[in-house]
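This report concerns only the one structure given below.
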Amino acid sequence: MQLVLEKRAERSRTIALVSPLIAIALTLITMSVLFAILGKNPITALGVYFIAPLTDGYSLQEIAVKATPLVMIAIGLSLCYLANAWNIGAEGQFLIGAVAGSWIAVTTQGTEAGHWVLPAMLVAGAVAGALYALIPALCRVRFGASEILTSLMLVYVADLLLDYLVRGPWRDPAGFNFPTTAEFDPVATVPVLIEGGRLHLGSIIALIVVAGAFVLLDRTIKGFEIRVVGVAPRAARFGGFNANQLVLLTFAVSGALAGLAGIIEVAGPIGHLQPGISPGYGFTAIIVAFLGRLNPIGILIAGLFLALTFIGGEQAQITMKIPLDVTKVFQGILLFYVLACDSLILYRFKLVFAARQVQSAAR
Amino acid sequence: MLDPGPADLHAQQPLLQTVGLTKRYGDFLANDEIDIEIFPREIHALLGENGAGKSTLVKTIYGLVQPSAGELRWQGAPVRLSGPAEARSLGIGMVFQHFSLFDNLTVAENVALGLDGKEPFKAVSARLADVARDYGLPLDPKREVWQLSVGERQRIEIVRALMQNPKFLILDEPTAVLTPQEADQLFVVLERLKAEGRAILYISHKLDEVKRLCDTATILRGGRKVATCNPKSETAASLARMMVGAEIKEVKPPTERRTTVPRLVVNDLTLAPAELHGVRLQNVSFELKGGEILGIAGVAGNGQDELFAALSGERLVKEPGTIIIDGLACGNLSITQRRKMGAAFVPEERLGHGTAPRMRLSENALLTGHAASDMVRHGFINAAATLRTVDRTTETFDVRKAKRDPEAASLSGGNLQKFVVGREILRAPAVLVVNQPTWGVDAGAAAIIRQALIDLASAGAAVLVTSQDLDELLEIADRIAVMFHGHLSPALPRADATREKLGLLMGGASLDQKEAAHAAGA
Ligand SMILES: Nc1ncnc2c1ncn2[C@@H]1O[C@H](COP(=O)(O)OP(=O)(O)OP(=O)(O)O)[C@@H](O)[C@H]1O
Ligand SMILES: [Mg+2]
């Protein structure tokens, strides 16, 4: 008896849907072992992680709030990845978007500026994110530099720029020397949907982004170009699709979405600019994009699931003293299994009996 | 070399036998209870129309496809192959219809990757050169594959298979892409393999070849075996009748067509190669009128691909006036813009160039149809229109497939070719540039495609056909030019284009001055 990998003739749609679920199941099993090693009861721990947050309204809102940036960023990343452009620097584009939008908030602070401020901030965030993402894209198109490295390195540049601004020129004079800007004015704040709640307008924007991406990929010629250039570059050129242009386009769109997510995050749930505005959204979104099969609807679901791990992780820290970093471990293991299970889509496992017989017949 | 002893002993026992072999894709039967026996010292032909199930059958024998039912017997003993490695360990070798080579690796690296042993790379390289020389199949182990012509690529596959010293060698349409000379070379090799006691299973659509070479022929139709016969005592027509179950239509000889204004003009096109070992196009000029078919003959790798890239706009040329379509200088216009002007293109490689293999036919219809059709409006795809193109192509060109809109890669080679050509012809282009239009297509379908090209020209289009198949060009082209080392000879009118003259030109000789002048004037 032998286990072999056999290439599939057509991609199986069923497996495409089941594969992420298998990955999640394997991750949960691995996590149980990890919890047991940490001396915690795995059942209780998994309950705190994955069930408890779903049982109260506050946590549910919080999940949506956390899912908002994840989904927005992951949608943009999925466009890049489909087009074979590897944007790893969404975290940096997120931070730059936050900085650029905050600049308007900071400079209009305390003035009579009207309701144009928030829309202007959102636009500034998106534009800055797009321009920032275009740096690695242009380097790839013009000089053939690996966009994986350049986009990743620019994350640290953005991080330090933000740090400098909130410690220097933009620091709140009344902030007891904490590295933070003043609270944004009401006109510079993303409104909440339910009075006194946490859910904000950004979640609606994220849903619109999901719908837009779905229409783009499924119904438009641009979306088709993106898909062809990724899977069959030579055929794409024959089709008249310009691969370099698509690299620039997908990087710009994904940078814009990350930047938009960034400014929504600081002008919404956080309310001011400070270091550490992101618990690694830009990186977690990579997992979201793959777990969601680079498909908009899948990404929406995957985004909610990973948001759940953030909330669950916080609760597990509070109630069971499980370190917050375990959430990161969880996300890493998940990405590993997702990519591993992808082999199931192109290949199929096959149990072959009587293999011995063949060997002996060969002699 | 094989030890001939056991082969003689088992002369009565088939080397390989299939019993009731069946392969199902969904509820589609690609192979239906096939029984076939192959003996040592035999060249066995496998014949059938496009989609008859030939490739499926040999892939099953090679362990690439798992049968849904039935049995495989090797030297009398039932075997189950989990994969090609196991088939190779038995002594089965295969040369595929679509090659499986890595473009960026060298010949030797490709061969080494395909071998299962732990032989050091140097030794593989040396043995490769030996085997290649021994069988008269020249190959430079250090060249990278992307620089090689289709014929040379196939040589790699053959040499790789021979290096395993197989008892049984399968060749899936090996001559589809070869020039007559290359094919003759191959036949010498096959005869020698046979004399060495090996068995060969040979798939081809070229029936005269089969009659010349093969000892036995098994004929498939619609996934079932319909006959086993001795091809030498059949005629090409009787073989074809068994394959199709009916007579094959003859291509109507081109009636006198009215040629109109020049629709495709190339003026002194000189183009440096895009790749290190590519071919430089040298002062290529020709004029193609509406209503006319111009054939370009020549051994592959003499600049045909480069010419196609320049004509299609996959590569742009600086001087717009170098390429003129319908009076418009368009050397610097993109392929999409040229399509909008009414041009259509069919590249040689159907998987990966002409189509995205993993995408559906409807999406592949969109790939070239988006420029000039109702498939896209205001940036949105009209899915119904793309499906309509698939249906119309299927109907007109008899594309056989397991379902309405499958992935391109799941079509049989010939059926995909029909789709790729039909997709463009149905757009009723003003100018059609097509490379190897009937590569791997069965006789019936080849007739349909050639007829469609003639009809297109009769309707006033200018048609440029590049082909290695001289018979094909002599059948449909009004004038024939020859490509050699990036130069294009003056076009000879069909009446003047004898095989001898074309053969000379293909070998690089130039016709004498008087004749050339005469040809240019014609
Ligand atoms: N992976 C697959 N999934 C679905 N259908 C398939 C698959 N592979 C082959 N088929 C179908 O099985 C039939 C036989 O295909 P096959 O490739 O064996 O034909 P063939 O005889 O080699 O034809 P050709 O001369 O055109 O190469 C075709 O109709 C094809 O569409
Ligand atoms: Mg075939």
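Convention: sequence-line order gives letters A, B, ...; per-chain numbering from 1.
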| note | Turns out that what part of B:R339 lies under 4.5 Å from chain A's heavy atoms comes down to side chain
| message | To the closest 0.5 Å, what do you measure between CZ (B:R315) and CZ (A:R237)? | response | 9.5 Å
| CD on A:E225 to CG on B:L366, rounded to 0.5 Å | 9.0 Å
| query | At a heavy-atom separation under 4.5 Å, does B:L351 approach chain A through its side chain, its backbone, both, or neither? | reply | neither
| said: Please classify the contact between B:T368 and chain A as side chain, backbone, both or neither, with a heavy-atom cut-off of under 4.5 Å. | reply: side chain
| field | Shortest non-hydrogen separation from A:A235 to B:A356 and the atoms involved | value | CB-N, 3.9 Å
| Which bit of B:I335 is near chain A, if near means a heavy-atom gap under 4.5 Å: side chain, backbone, both or neither? | side chain
| field | Over 12 foreign heavy atoms within 6.0 Å of CZ, B:F102 | value | no
| request: With a 4.5 angstrom heavy-atom cut-off, could you sort out which part of B:Q337 is near chain A: side chain, backbone, both or neither? | output: neither
| request: For B:F345 and A:F238, work out which heavy atoms get closest and say how close. | output: O-CZ, 3.2 Å
| request: Might you point out which heavy atoms bring A:T220 and B:I381 nearest each other, and give the distance in Å? | output: O-CD1, 3.3 Å
| task | Establish, for the pair B:R360 and A:F224, whether the NZ or CZ atom is under 6.0 angstrom from the six-membered ring centre and no further than 45 degrees off its axis. | result | no
| Side-chain ion pair, A:R234 and B:E349, N-O less than 4.0 Å | no
| note | Note: A:I221 and B:V376 closest approach over all heavy atoms is CD1-CG2, 3.9 Å
| field | Test item: B:H370 side-chain N/O and A:G240 main-chain N/O as donor-acceptor pair under 3.5 Å | value | no
